[in-house]
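Predicted model only: the values in this text are computed from it and were never measured. Below, read A as the first sequence line, B as the second, and so on, with proteins coming before strands; counting in each chain starts at 1. Scope of the values below: all heavy atoms of this structure, side chains included, with no hydrogens, waters or symmetry mates.
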Number of protein chains: 2
Amino acid sequence: MPELLTAIVDDHPIVIEGLKTLLSHETNLKIIGGFCKGEDFLSYLSGHALDLVLLDVTLPDISGIELCQRIKQISLSTSILILSNHTERSIIMQAIQNGASGYLLKNSSIEELRHCIAEAVKGNICYSKEVMEIISRPSKNELQGVPRLTRREKEILALIAAGKTSQMIGQELFLSPLTVDTHRKNLIQKFGVKNVAELIMAANQQQLL
Amino acid sequence: MPELLTAIVDDHPIVIEGLKTLLSHETNLKIIGGFCKGEDFLSYLSGHALDLVLLDVTLPDISGIELCQRIKQISLSTSILILSNHTERSIIMQAIQNGASGYLLKNSSIEELRHCIAEAVKGNICYSKEVMEIISRPSKNELQGVPRLTRREKEILALIAAGKTSQMIGQELFLSPLTVDTHRKNLIQKFGVKNVAELIMAANQQQLL
DNA sequence: TTTTTTCTACCTGTTTTTAGGTATTTTAAT
DNA sequence: ATTAAAATACCTAAAAACAGGTAGAAAAAA
């Protein structure tokens, strides 16, 4: 049985060290190294074959979700296992949709970790117990998923969150306040909410602010 | 030089493993074990001497902050080093005030970790570079601290966040909508913000929702 | 028991948001 | 080159929020 080339991407050096130690006992895995930054890892991946990558969602440069896509673009055969603290259903679903083979929380047991790795390299999708529960209860406001916002919408959302009125935003972005109102309206519609209060809550839950 | 008896308390088994590995190279430290739960650790501490403890803030049972106090009550000579992801100034300050000898973020380098441990056991207080910066810049909205809200205000804040209008809230709580407006006004004033959008943002940042 | 805080409710008036549209011009994708 | 998406801007009118007060009753603290 050939050794599976494995990398770890996590912004916590301590976690990298921990995973290395834990996985050093797995005879069929060969840890080629740990990366703190997403871009560092991508440039490595461009030049080397890799079977498995353990990925954190929170990284200093790009998000783990985005990294999933990029990894799959470069090397479709590399299995991705997400290791994260994020319990939001939306994030988990996004990860899976972007090509991750599994998702587990950092506080899951070492047994769970081993099990998920074993499944991932077999090509199966595997979640830790807690993650399973999160997936199976689709909480109301997350049902229709994260709305895709345009650049302008994100910009205006941030300014609304900062307490600016449509008029102020208009001045700041050299737009008619009426245009800002339109964007505001679209934001409220996209999120399926009734007013800014709910909008800001939803955007926060979706980690968009 | 006698070995310093050291324990690790963290709800992530992976982090515990990583720290154990990292610190196994330190000849003057003896890791006596890792604990996932605060209470487990406290009951151990009641029966054994300990020189140093590495502590996470987020634990399943009690908070690391509270744990600091309890540790010092049981064993004043035990040095506490906080290892956490929390970058909120308030949390850092609370930890220090409750007897921690240092605070570092989990994504700090392994060198920083070693250095802080060395300082902590010498009896000095030591922060990682990033934490230093956080301490030295009292960010605006944290200056006047978390506003103390009354029961009613918290109740109404939650309903505002749910997208309810003053009228709806009034009906729900059997209050005049004018009363709700007054509470709304007071909330906006207490938080020092201009409108609900900013209010919800602030409340979120302050972990009040 | 007195004092303070919280909760209640109102008034006046202005500003802002929200809901229901329509419509043209850019920009990006096919 | 066409199509689709995004960004721009407008209209009308109602609903809600915001700013600036005042003020009495109830509850909690001193």
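For A:Arg148 and A:Glu153, the salt-bridge test fails: no basic side-chain N is under 4.0 Å from an acidic carboxylate O. Ion pairing between B:Lys106 and B:Asp56 holds under the 4.0 Å rule for side-chain N and carboxylate O.
In 5' to 3' order, the nucleotides of DNA chain C bounding all contacts with chain B (an atom under 4.0 Å from a heavy atom) are C:dT6 to C:dC10.
Among the heavy atoms of the strands lying under 4.0 Å from A:Thr179 is at least one base atom, whether or not backbone atoms are also near. As judged by a 4.0 angstrom heavy-atom cut-off over every strand, B:Asn195 is placed among residues touching the sugar-phosphate backbone only. Contacts of B:Lys185 with the nucleic acid, taken as non-hydrogen atoms under 4.0 Å apart, include base atoms.
D:dA5 atom P lies 14 Å from atom CG of A:Asn186, rounded to whole Å. Atom C1' of nucleotide D:dA17 and atom CE of B:Met168 are separated by 15 Å, given to the nearest angstrom. Going from atom CG of A:Leu157 over to atom P of D:dA6 covers 16 Å, rounded to whole Å. Between the NZ atom of A:Lys194 and the C1' atom of D:dA17 there is a distance of 17 Å, rounded to whole Å. Regarding A:Leu149, its CG atom lies at a distance of 10 Å from the P atom of D:dA7, rounded to whole Å. Distance CD1 (A:Ile169) to C1' (D:dA7): 15 Å, rounded to an integer number of Å. To the nearest angstrom, C1' of D:dT22 lies 15 Å from CG of B:Asp181. Protein atom CD of A:Glu198 is 14 Å distant from nucleotide atom P of D:dA16, rounded to whole Å.
Between B:Val196 and B:Thr182, the residue whose closest nucleotide on DNA chain D is further toward the 5' end is B:Val196.
For A:His183 and D:dA7, the shortest distance from a side-chain N or O to OP1 or OP2 is not below 4.0 Å. The shortest distance between the side-chain N/O atoms of B:Gln167 and the OP1/OP2 oxygens of D:dA15 is not below 4.0 Å.
Among A:Leu23, A:Ile16, A:Leu104, A:Val15, the one residue that satisfies the side-chain contact (heavy atoms from CB on, under 4.5 Å) test with A:Leu54 is A:Leu23.
Residues B:Val196 and B:Arg184 meet the side-chain proximity criterion, which asks for heavy atoms closer than 4.5 Å.
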Steps toward side chain to side chain contact (heavy atoms under 4.5 Å, CB included) verdict (B:Leu50, B:Phe41): CA-CA 11 Å; B:Leu50 204 61; B:Phe41 171 67; 3.5 Å; yes

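With hydrogens and angles ignored, the 3.5 Å screen pairs no side-chain donor or acceptor of A:Asn186 with any backbone N or O of A:Gln189.
Listed here is the closest heavy atom pair of B:Pro60 and B:Lys37: CG-CG, 3.9 Å.
For the atom pair CD1 of B:Ile200 and CD1 of A:Ile160, the computed distance is 13.5 Å after rounding to the nearest 0.5 Å. A:Ile32 CD1 to A:His48 NE2: the interatomic distance, rounded to the nearest 0.5 Å, is 7.5 Å.
Residue A:Arg152 has its side chain nearest to D:dA7 when only D:dA17, D:dA7, D:dG20 are considered. Set against D:dC10, D:dT8, D:dG20, the side chain of A:Leu178 has D:dC10 as its closest nucleotide.
End-to-end axis angle for the helix from C:dT2-D:dA29 to C:dA29-D:dT2, using five pairs per end and rounding to 10°, comes out at 80°.
Side chains of B:Thr58 and B:His86: a donor-acceptor N/O pair is present below 3.5 angstrom, by distance only.
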